[in-house]
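Below: the structure, in structure tokens.
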Amino acid sequence: MNFVLAVHGAPHNSNSGEHAIGFANAAIAQGHRIERVFFYHDGVLHGLNSQVTPQGENDLCKAWSELADQGIELAVCIASAIKRGVINAEEQARYEKTSHTLAPGFELVGLGQLVAGIQYADRYIEFPQ
Amino acid sequence: MNFVLAVHGAPHNSNSGEHAIGFANAAIAQGHRIERVFFYHDGVLHGLNSQVTPQGENDLCKAWSELADQGIELAVCIASAIKRGVINAEEQARYEKTSHTLAPGFELVGLGQLVAGIQYADRYIEFPQ
Amino acid sequence: MKKLLFVISAPPYTSKRGTAQLEAAMVAAAFDAEVSLVFRGDGIWSLLPDQSAQQVGQRSFAKVLQALGDYEVDQLYVCLDSLASRGVEAAELMQAEGLDLAAQQLLLAEQDAVIGAAL
Amino acid sequence: MKKLLFVISAPPYTSKRGTAQLEAAMVAAAFDAEVSLVFRGDGIWSLLPDQSAQQVGQRSFAKVLQALGDYEVDQLYVCLDSLASRGVEAAELMQAEGLDLAAQQLLLAEQDAVIGAAL
Amino acid sequence: MTLHLVFNLQGLESCLQRRQPADPIVLMGDGTYALSQSDIECFVLREDAAARGITSNGKNIHGIDYAEFVELSTDHNPVVSWAD
Amino acid sequence: MTLHLVFNLQGLESCLQRRQPADPIVLMGDGTYALSQSDIECFVLREDAAARGITSNGKNIHGIDYAEFVELSTDHNPVVSWAD
């Protein structure tokens, strides 16, 4: 079966990331496919490359990176992202910022990718907090 | 009179910034002193240098910068900041990140600066959301 | 063509989630989904007329809401229970069809996906 | 020496604000402030014993709470109304002195600053 | 005397249960929605209410701007925020 | 049949008012606190409850792990989240 997951909460202010990662790994282990993880609202902050994982806490960045290595699309809503400071090299140049801040494995996409994902997938599952 | 303000909410998920900036500007206009603005919890995201202000919306980054130019200390809790990806050059080097992300005018400080500020100031005013 | 329900349960202006929900609903309509929207909980405050968001340096929620019509999103609903518990009359609000809980139950049951039920 | 009250009204583990509040309270004690802490609203869930936060890859709130003793922060209170409305008995929780609303009113009135009333 | 800043409706309830009866209250942000429900005597940050489309016709409601908010803060101590 | 994911207590109330009576519910995150208050029949994500120190002794409470959560998601459609 084919899933689209949505992450709406910020890394340190919600369990959105933990829930989505736990679900994705279990689904893959059962032979399902995660078509796309869509990061929206404060969820886009999961894609910020400058985060430092505190000792003794979950390393979400590493977990996302492992999912990306398995070919899962980590799709970050571009409108939500750039106003929160999550930008790739192209947006860095456009807005004349000093650095890009999008972590490897993530990509900025339009809202159309959320809708297309929902239209295409068998299930849409949202992790709000 | 001498104020310490606290900002606890994220830029796009609260009015913490708008409220603190509105208060600070009005206080300064009346001859009061803002000793320090302390950014805590998700409030530290106000100090992220890669944010792009959407057209037609409040430019909080500019407003903070103007306050910094008037000598107001924009103190960002270092523990809250580094796990959320708001890092200066020193933390960038320590954690081997690709860039620093702390906006000019902000500085990373310990929690002691919150407590010392409250002890010293005439008023502590918190803007939670 | 899938049936998508967008839920707005947070008030406007503090978080900007409601506006983002409207934008997603417009995109869904442009992608030929059958779109409906329901306002419930503190989301019902989004429907107050005479919002002056420029006073706090934001886009007016009401303006984005009007743009929905251009995308032919016209199934706008508001939870009557949420209104009653806040002492708000439907007549005080911008136009949306009032639904009681039983009607919302039916609306939910016919969706292919529900987006932002948590917003 | 100022009297500082730290309020915890959010549950642990979803946001990490409660833990950050405890850290601030310890620093305040180290700076010789007179520190007290009150748990109310969904913050009262912080006091459940037997939390196993390592299961979700987090630090245990209970462990940070125990460290408060090392800083001689021993004025820990819990709102009895918040317990009652959630059907929780004070005896089920880790140690904190129960306060009714009148007692909280007195506690608030004697503070120089209240931190995180909104957490 | 304490000044209470109230940022949402749940925060107002928590505040009303715990303030001294004469302590003044300032409604801000989503706290301004309380104007459409209750008629307690309070101050309200005018621009936050206007942004949300809230008009106060109660005679116990005192609209203020940031300058008046600062004055209230200097006249009271401590200033306590509520946003459960 | 719809599967409902409930992330907090207010969300549970909203869900109960609007689901079809036979629709199953999964309590997750702060939704697991509902176990100490009510005895509705539901699933609960075991690790979220354990992290919070919640033990369920109700006979209608079914503890699940992520693998069982995925199975519930494939067996139901749509999956709706609640976290007011």
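Neither the backbone nor the side chain of A:Thr53 comes within less than 4.5 Å of any heavy atom in chain B. Interface remark: A:Asn49 contributes backbone and side-chain atoms alike to the contact with chain B (heavy atom separation under 4.5 Å).
More than 12 heavy-atom neighbours from other residues, nucleotides or ligands sit within 6.0 angstrom of CD on B:Gln30. Taking a 6.0 Å sphere around CD of B:Glu96, one finds it holds 12 or fewer heavy atoms contributed by other residues, nucleotides or ligands.
Distance CG/B:Leu45 to CG/A:Asp42: 8.0 Å, rounded to 0.5 Å. If you take OG on B:Ser50 and CD on A:Gln92, they are separated by 9.5 Å, rounding to the nearest 0.5 Å.
For the pair A:Lys97/B:Val52, a side-chain contact is recorded, criterion being any heavy-atom separation below 4.5 Å from C-beta on. Within the 4.5 Å cutoff, the side chain of A:Thr98 has no heavy atoms near those of the B:His100 side chain. In this structure, the side chains of B:Thr101 and A:Leu48 stay at 4.5 Å or more apart for every pair of heavy atoms.
The two residues B:His12 and A:Lys83 make their nearest non-hydrogen contact at NE2-O, 2.9 Å.
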